[in-house]
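In what follows, a single structure is set out as structure tokens and then discussed.
Sequence lines set the chain letters: A, B, ... in the order given, protein chains first and strands last, and positions in each chain run from 1.
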Amino acid sequence: MTASAGSYNFREIEAKWQAYWLADKTFRTPNPGEPGFDAARPKFYVLDMFPYPSGVGLHVGHPLGYIATDIYARYKRMRGFNVLHPMGYDAFGLPAEQYAVEHGVPPRETTRRNIDNMRAQMQRLGLGYDWDREIATTDAGYYRWTQWIFLQLYNSWYDPAADAARPISELVHKLEQEHLVVNFDGEPVAVSSPGLQEWYGLPPGTQRWSELTVEQRRAVLDGQRLAYLDEVPVNWCPALGTVLANEEVTNEGRSERGNHPVFRRPMRQWMLRITRYADRLERDLDLVDWPEPIKLMQRNWIGRSEGAEVDFAVADRDEVIRVYTTRPDTLFGATYMVLAPEHDLVEALTSDAQRQTVRKYVEIARNRSDLERTVETKEKTGVFTGAYAINPVNGERIPIWVADYVLMGYGTGAIMAVPAHDTRDFEFATRFHLPIVQVVQPPAGQDWRGYTGEGVAVNSGEFNGLTTPEFKKRIIAWLEEQGLGTGRVNYKLRDWLFSRQRYWGEPFPIVHDAATGEVFPLHEDELPVLLPQIEDFRPRASDDPDALPEPPLGRAEQWVKVRGYVDETGSVRTLLPDEVPPPGETRSSAGGQGGRVVREFRRELNTMPQWAGSCWYYLRFIDPHDDNALVDTALEHYWMVSLKADGTPHAGGVDLYVGGAEHAVLHLLYARFWHKVLFDLGCVSTPEPFGRLFNQGYIQAHAYQDARGIYVDVRDVQEVQKGAATVYVRKSTGEPLTRGLGKMGKSLKNAISPDEICRDYGTDTLRAYEMYMGPLEASKPWSTRDIIGMSRFLNAVWRRFVAEDGALKVTDDPPSEEVRRLLHKTIRRVTHDLEGLRFNTAIAALIELTNALRADRMAREVADAFLRLLSPIAPHLAEELWQRLLGPAWRRSIALESWPEYDEALALDPEVEIPVQINGKVRSRVRLPAGDAGDQDKLRSAALADAKIIEELDGMSVKKVICVPGRMVNVVASV
RNA sequence: GCCGAAGUGGCGGAAUCGGCAGACGCGCGGGUUUCAAAAACCCGUCCACGCAAGUGGGUGAGGGUUCGAGUCCCUCCUUCGGCACCA
């Protein structure tokens with residue numbers, strides 16, 4: 001297609017203005033203190049979820065959110081805000097690496113190329129970012145600070161007394177001062193009266209810090225650090241050669257990326273103690289303006305539940321099994337217990353008679369993947385241990401079973417089974433013929449068997465007759481009195497598995513003592529730890545589930561070896577080959593005092609996961625080139641802190657964050673976690689990173705399948721009219737195809753490139769079309785056929801301004817009253833619609849105005865305001881017409897001009913038409929002056945005086961007249 | 001199974017608060033212009049009956065609240081998204 005006689009030359013105009021914006025730095029946003037900064041303007045931070053520069057190229061679905069934020073940022077700038085609107089690249093991680101593997105080029109190289117390509121694509125879309133703030137998570141100047149944040153996590157603990165993260169040195173101090181002692185589990189616990197322990201003694205089972213060995217101290221601290229190494233069951237994906245986070249594994253037990261099988265294996269990995277923040281992450285959702293469904297998804301993921309821990313004594317043995325239950329009110333109905341196969345007590349409790357059976361069962365259960373466990377949920381399995389427990393409320397002996405429907409990772413890994421009122425226990429008890437005792441009376445008409453709702457207690461001794469919530473309170477109090485249990489809150493959230501056996505990620509700022517294996521953080525002056533260049537960066541993939549991970553960084557032999565010493569903060573500083581350490585002390589918090597000794601270390605070989613870099617990028621945009629801090633405190637405060645209308649601080653910094661809902665529980669949860677840690681440590685000013693979140697919908701597209709169900713490329717599909725019906729056939733062969741609707745992308749072979757659309761119709765047309773398709777939050781189908789409508793609209797705008805000979809059609813005469821009224825109505829509509837991100841209706845309003853201007857020579861007053869309204873949506877066209885409109889007086893981009901104001905008085909119709917209904921059906925209309933339409937009495941008399949209404953009401957009696965000022969009249973009448 | 005979102009013409013969608021259902025665009029039908037075509041412009045376009053004025057019906061299905069329901073409440077159906085043995 002070529003530009004036809006009826007179209008303006010969008011190609012020339014768009015290229016001209018894109019070049020101008022770059023050269024002029026039109027969208028550069030000065031920080032406070034920089035030249036051009038205007039302190040009188042309020043700030044507004046608009047952020048996109050930055051892309052992975054994956055290299056397969058964008059399709060028209062990708063820029064949907066970017067176009068929306070671009071329009072909004074331009075609008076806010078014109079409204080007088082200092083707008084921060086940056087863009088960058090989340091360039092570490094699997095997609096970039098896999099692309100590099102497929103094309104046999106180092107990831108560093110492909111990433112650079114992909115970024116260049118993506119930047120060019122975004123610039124062709126006319127997106128007005130401040131390119132001076134561009135960042136990539138793969139730049140050493142960026143990941144230096146990702147590593148720095150990791151050091152803060154490593155060197156911090158969560159202080160329950162402060163309900164916040166604190167430097168680990170404070171924990172050491174508290175232990176040294178004996179405000180805290182260490183309990184049997186290695187947990188620091190508070191001492192009620194420090195200093196008086198000489199008289200009262202330590203709490204039972206606790207030890208003083210001074211009594212611990214260096215190894216024990218180290219274990220205590222490692223047990224509190226927010227970043228720690230642990231041997232945990234992880235999701236091991238041999239095909240990818242790496243472990244994955246729970247969030248990266250599908251519920252079929254396969255990798256989110258690549259759909260490879262995933263196995264659970266215990267491995268020593270880096271973990272982040274996000275569980276300590278479960279409560280705050282859940283609670284602070286109340287502070288943010290996010291879509292409710294997204295908040296709910298986070299709440300479900302965190303999975304807070306309230307209940308109790310109860311101790312069951314094992315019959316004839318000196319053992320106790322602790323269980324967690326959300327229904328302590330059903331204790332009297334507990335007729336057996338179940339331990340998870342991995343539970344510590346399984347081996348000890350099993351009777352000799354049952355030993356073979358139990359061992360076999362545990363062995364099988366351990367090797368079952370998540371996939372197998374899920375598929376086999378239909379039939380519950382389990383074996384009896386031969387041991388019995390005592391139900392603490394009624395003294396009954398109940399059998400202890402082992403079954404894999406109980407998970408080790410949740411609660412205590414053991415449950416009391418109440419088959420009468422729990423679906424799973426009911427299934428299990430039915431299968432294995434275990435007793436089922438009713439303890440809850442459901443509402444009338446419902447069967448008690450398997451009833452899990454609330455009701456009234458029965459068969460529960462002295463508690464009979466209590467309602468479920470009341471019973472819960474009473475029984476928890478009773479258990480606490482008896483020392484048998486406590487009320488307890490539990491979360492489904494697990495600690496975050498933070499290491500990957502990949503090349504293309506941030507190296508950890510961690511070294512291991514080459515002789516002892518002891519772990520040390522590097523001193524922050526040692527950052528960045530540069531990712532070494534290696535020949536073979538491929539992960540070791542395997543089909544064998546028992547294969548062991550082999551981090552590619554292990555191949556960088558020179559890089560791995562570090563010579564250095566431990567300094568007085570416990571951090572490692574490196575030395576050059578012949579360098580000697582400066583004089584001073586070595587002193588780690590766990591002990592080990594002494595002079596500085598040169599040691600050999602080996603670097604940590606794992607790298608950080610994809611999510612690390614995206615956890616804090618919104619902070620770096622504020623101050624992207626700072627070498628002294630991850631973000632300057634004053635600048636962070638300026639861009640992140642905003643006040644509500646009543647003057648109180650808003651919860652979070654970014655004023656508008658737009659992205660897809662697919663990040664509801666991954667990126668958005670991780671980023672909130674890191675932000676809260678940084679908040680606790682005084683690095684940021686707000687409790688939440690993103691004050692307002694908006695989820696854009698997907699662009700869907702028709703996808704076509706042949707008879708075998710194979711997808712056929714959309715470009716090979718032809719639409720054929722067969723009588724009344726439309727059928728779809730393959731162009732090349734003519735075979736019939738079936739049509740479906742799905743997310744646009746490579747797999748459905750239905751992707752459409754924005755470059756193609758820009759070439760044929762222009763960037764402004766593409767922008768306007770994507771915004772016009774429907775509400776931003778909705779998913780809606782792409783239709784190339786419909787684009788012509790936006791193309792016609794923008795051409796019509798051009799023709800309103802420019803005559804065939806190129807002369808401007810604008811006059812200095814004032815517009816007619818009607819046109820001026822319509823203009824002010826349009827300004828009002830567009831302003832409100834853009835403010836509410838309702839771009840589709842804003843464009844409709846502009847089309848209506850354009851259509852109404854048809855016969856007029858355009859008045860300058862109208863032209864001026866119209867171009868300002870149009871400019872965020874179709875910036876190239878608006879810039880060009882703006883420059884022509886101002887002529888020699890033109891000085892700068894329309895993006896820097898102000899937003900037009902509307903005048904309510906000028907927008908007001910002098911006369912309005914009011915529908916008059918009889919019994920809810922419109923029977924007539926009356927015209928009356930605008931002032932009278934707001935007056936109930938005048939409305940009423942006008943309606944009742946209308947000839948048509950009088951005629952219709954003949955023979956009826958009027959019961960009531962309802963007058964809605966300015967809207968309508970309804971006469972209620974009967975025969 | 002549980003949780004969430006959404007169902008409006010041939011299609012995408014519009015309808016701040018419960019107040020004229022279908023704005024705006026696509027498509028389609030008719031016309032102007034043209035040697036012709038494209039583009040552009042004008043008229044029409046929810047369905048049924050009617051030449052028309054008009055009358056009746058209509059927002060996934062059924063019920064309810066109300067002077068009045070696309071909008072609120074209850075039950076059900078369909079589609080999409082999330083979670084999935086979390087005790």
query: Taking OP1 and OP2 of B/C41, is either one under 4.0 Å from a side-chain nitrogen or oxygen of A/Arg799?
result: yes
message: Taking atom types as they are modelled, would you say the side chain of A/Lys959 forms a donor-acceptor pair with the base of B/C67 within the 3.5 Å cutoff?
response: no
query: What is the ring orientation for A/Tyr670 with A/Trp496, classed by angle as parallel under 30°, tilted 30 to 60°, or perpendicular over 60°?
result: parallel
N-O pairing of A/Arg925 and A/Asp946 below 4.0 Å: no
- prompt: Base, sugar-phosphate alone, or nothing: which one does A/Asn840 contact when heavy atoms must sit under 4.0 Å apart?
  reply: sugar-phosphate
- request: Ignoring backbone atoms, establish whether A/Lys780 has a side-chain N or O less than 4.0 Å from OP1 or OP2 of B/G12.
  value: no
task: Return no unless some side-chain N or O of A/Asn851 is found under 4.0 Å from OP1 or OP2 of B/G25.
output: yes
- prompt: What orientation do A/His667 and A/His663 show, parallel under 30°, tilted 30 to 60°, or perpendicular over 60°?
  reply: perpendicular
- request: Please work out whether the ring planes of A/Phe471 and A/Phe332 are parallel, tilted or perpendicular, with thresholds of 30° and 60°.
  value: tilted
task: Indicate whether OP1 or OP2 belonging to B/G13 is found under 4.0 Å from a side-chain N or O atom of A/Tyr772.
output: no
field: Sugar-phosphate, base or nothing in reach of A/Arg923, heavy atoms under 4.0 Å
entry: sugar-phosphate
field: For atom CG of A/Leu834 and atom C1' of B/U16, their distance in whole Å
entry: 16 Å
- prompt: Any idea if B/C17 is syn or anti, going by the 90°-from-0 cut?
  reply: syn
task: Tell me which nucleotide among B/A87, B/C3, B/C67 gets nearest to the side chain of A/Ser305.
output: B/A87
- request: Remember a base hit wins even if backbone is also touched, and classify A/Leu296 as base, sugar-phosphate or nothing at under 4.0 Å, heavy atoms.
  value: sugar-phosphate
query: Of A/Gly413 and A/Ile843, whose closest RNA chain B nucleotide lies nearer the 5' terminus?
result: A/Ile843
query: Looking for any heavy atom pair under 4.0 Å, which part of the strands does A/Lys743 touch: base, sugar-phosphate only, or nothing?
result: nothing
